[in-house]
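A short worksheet on the structure shown next.
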Amino acid sequence: MIYMNQPEESRNAYLNTLSSVACLSKIFSENTAPYLPYRAVENIYCKDFNATNLGRSDCSADASLDGIGVGIKTFLHKNGKSFEKIAEFNKDSHLYRNLPIKEAVYKIAELRNARIELTMNTYGLAEIYHCVTRKADGSIHVYELPMEKIDIAHIKNINNDKPSIVTFDDGINEYNFKLTKSTLYRRFNLEDAYLVASVTATILDDPYALLNNFSSTVVGQAIAPPVAELE
């Protein structure tokens, strides 16, 4: 578990920053669960753990830390068994678009595995998922679980009942692939994951008041020039 190997100061800073950002949730959503933009979580992770940010790279990891490639996911906890996006293959859609469904699934699995292998070979990384989930009670939970390649030899239960979605599994993980968006999803079963940390966010009823106070007392009036009145 890479998270628990980090200094306690860094872990505390990370949880505190997540909680601080989540307190502004009502700027973005009326959901009772905290809101955390996924790109913000990636940036916070890299800052507080001094990790290399790979979020803009075309690879399977969002960060590199201690020789580990970290795929950072943030999503609503729900029942702890939701499907979440793990890859897009828009540029490679011509490789499987006209194939029979079974052959298309194998090709998609090959593409996914090749992307993981490329990341590992390029950066010398093993890989894990770092999942940040949010619940309606205001709590934020951090999990770690393996990022496995798809076991192509054991792919089974290929199902295309819905024309735009193909589901399958490999005996380890369940997947679905949205054909129209060239997007691969994996079911994240958090019962099988390591819960490494939790924190509770206090969602502000009026986050705008906090921001206005911040701009006037900390940043000063220079942050925004007066708005001219229309005549």
Side-chain angles (χ1 to χ4, degrees), residues 28-29 35-43 45-46 52-64 69-123 125-134 143 145-190 192-193:
F28 311 102
S29 171
Y35 181 84
L36 289 168
Y38 77 93
R39 193 69 73 187
V41 175
E42 293 173 6
N43 292 335
Y45 184 95
C46 293
T52 301
N53 196 325
L54 304 177
R56 299 294 184 181
S57 303
D58 187 18
C59 67
S60 55
D62 300 299
S64 168
V70 184
I72 301 172
K73 312 297 297 180
T74 178
F75 49 90
L76 290 173
H77 194 94
K78 299 178 184 176
N79 65 353
K81 298 180 180 180
S82 62
F83 279 99
E84 303 297 332
K85 184 174 72 172
I86 60 171
E88 292 184 5
F89 299 106
N90 291 310
K91 295 179 181 178
D92 298 310
S93 61
H94 65 283
L95 297 175
Y96 55 80
R97 186 184 301 118
N98 297 316
L99 294 177
I101 289 299
K102 184 175 181 179
E103 292 180 31
V105 166
Y106 279 88
K107 175 56 67 175
I108 292 160
E110 290 174 4
L111 291 170
R112 172 58 177 167
N113 289 352
R115 189 169 293 181
I116 292 177
E117 289 172 1
L118 177 62
T119 302
M120 296 173 70
N121 293 335
T122 302
Y123 300 99
L125 304 173
E127 299 203 58
I128 66 166
Y129 279 113
H130 175 92
C131 298
V132 179
T133 72
R134 301 113 56 202
Y143 294 86
L145 64 165
M147 184 189 295
E148 299 103 341
K149 290 191 290 186
I150 299 173
D151 187 347
I152 296 176
H154 292 92
I155 287 177
K156 58 183 179 179
N157 299 322
I158 298 174
N159 189 306
N160 188 214
D161 286 346
K162 295 181 179 180
S164 61
I165 300 177
V166 181
T167 61
F168 64 96
D169 70 79
D170 63 354
I172 302 172
N173 294 299
E174 298 175 61
Y175 299 90
N176 69 45
F177 187 77
K178 294 188 177 180
L179 295 165
T180 54
K181 296 185 177 181
S182 298
T183 305
L184 180 65
Y185 294 74
R186 167 183 154 171
R187 186 187 296 279
F188 283 82
N189 188 344
L190 299 178
D192 299 330

First locate atom [atom1] of [X], then atom [atom2] of [Y], and finally report the distance between them rounded to the nearest 0.5 Å.
{"X": "Phe188", "Y": "Ile86", "atom1": "CZ", "atom2": "CD1", "value": "6.5 Å"}
{"X": "Glu84", "Y": "Leu76", "atom1": "CD", "atom2": "CG", "value": "8.5 Å"}
{"X": "Glu110", "Y": "Glu117", "atom1": "CD", "atom2": "CD", "value": "10.5 Å"}
{"X": "Ile158", "Y": "Glu103", "atom1": "CD1", "atom2": "CD", "value": "10.0 Å"}

Identify the two heavy atoms, one from [X] and one from [Y], that lie closest to each other, and give their separation to 0.1 Å.
{"X": "Arg115", "Y": "Ser60", "result": "O-OG, 3.8 Å"}
{"X": "Leu36", "Y": "Arg134", "result": "N-NE, 4.0 Å"}
{"X": "Arg112", "Y": "Ala87", "result": "NH1-CB, 4.0 Å"}
{"X": "Asn160", "Y": "Ile165", "result": "ND2-O, 3.1 Å"}
{"X": "Cys46", "Y": "Ala63", "result": "SG-CB, 3.8 Å"}
{"X": "Ser182", "Y": "Tyr96", "result": "OG-OH, 3.0 Å"}

ask   = Hey, are Arg186 and Glu148 close enough for a salt bridge, meaning a charged N less than 4.0 Å from a carboxylate O?
value = yes
task = I would like to know whether Ile155 and Tyr175 meet side-chain contact (heavy atoms from CB on, under 4.5 Å); could you show each step before the answer?
result = CA-CA 10 Å; Ile155 287 177; Tyr175 299 90; over 6 Å; no
query = Can you find a side-chain donor-acceptor pair between Thr180 and Ser164 that sits under 3.5 Å?
reply = no
query = Given the rule in the side-chain contact (heavy atoms from CB on, under 4.5 Å) test, do Arg187 and Lys81 qualify, once you have shown the distances and angles that lead to the verdict?
reply = CA-CA 6 Å; Arg187 186 187 296 279; Lys81 298 180 180 180; 4.0 Å; yes
Under the side chain to side chain contact (heavy atoms under 4.5 Å, CB included) test, residues paired with Ser64 that sit two or more places apart = Thr52, Leu54, Leu125
query = With Ile150, which of Leu111, Val105, Asn113 fulfils side chain to side chain contact (heavy atoms under 4.5 Å, CB included)?
reply = Asn113
query = Can you name the one residue among Asn159, Leu179, Leu184, Asn176 that meets side chain to side chain contact (heavy atoms under 4.5 Å, CB included) with Val166?
reply = Leu179
task = Could you label the plane-to-plane angle of the His77 and Tyr143 rings as parallel, tilted or perpendicular, counting under 30° as parallel and over 60° as perpendicular?
result =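 Correct class here is tilted.
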query = Going through the checks in order, is the side-chain contact (heavy atoms from CB on, under 4.5 Å) test met by Asp62 and Tyr38?
reply = CA-CA 11 Å; Asp62 300 299; Tyr38 77 93; over 6 Å; no
message = Does His94 have more than 12 heavy atoms from other residues, nucleotides or ligands lying within 6.0 Å of its NE2?
response =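 Atom NE2 in His94 is packed in, count exceeds 12.
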Report yes if the side chains of [X] and [Y] come closer than 4.5 Å at any heavy-atom pair, otherwise no.
{"X": "Tyr106", "Y": "Ile152", "answer": "yes"}
{"X": "Phe75", "Y": "Thr133", "answer": "yes"}
{"X": "Thr167", "Y": "Asn157", "answer": "no"}

task = Applying side-chain contact (heavy atoms from CB on, under 4.5 Å), run through Leu145 and Asp192 and close with a yes or a no.
result = CA-CA 8 Å; Leu145 64 165; Asp192 299 330; over 6 Å; no
query = Hey, does the side chain of Lys73 reach the backbone of Lys85 with a donor-acceptor pair shorter than 3.5 angstrom?
reply =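 Yes.
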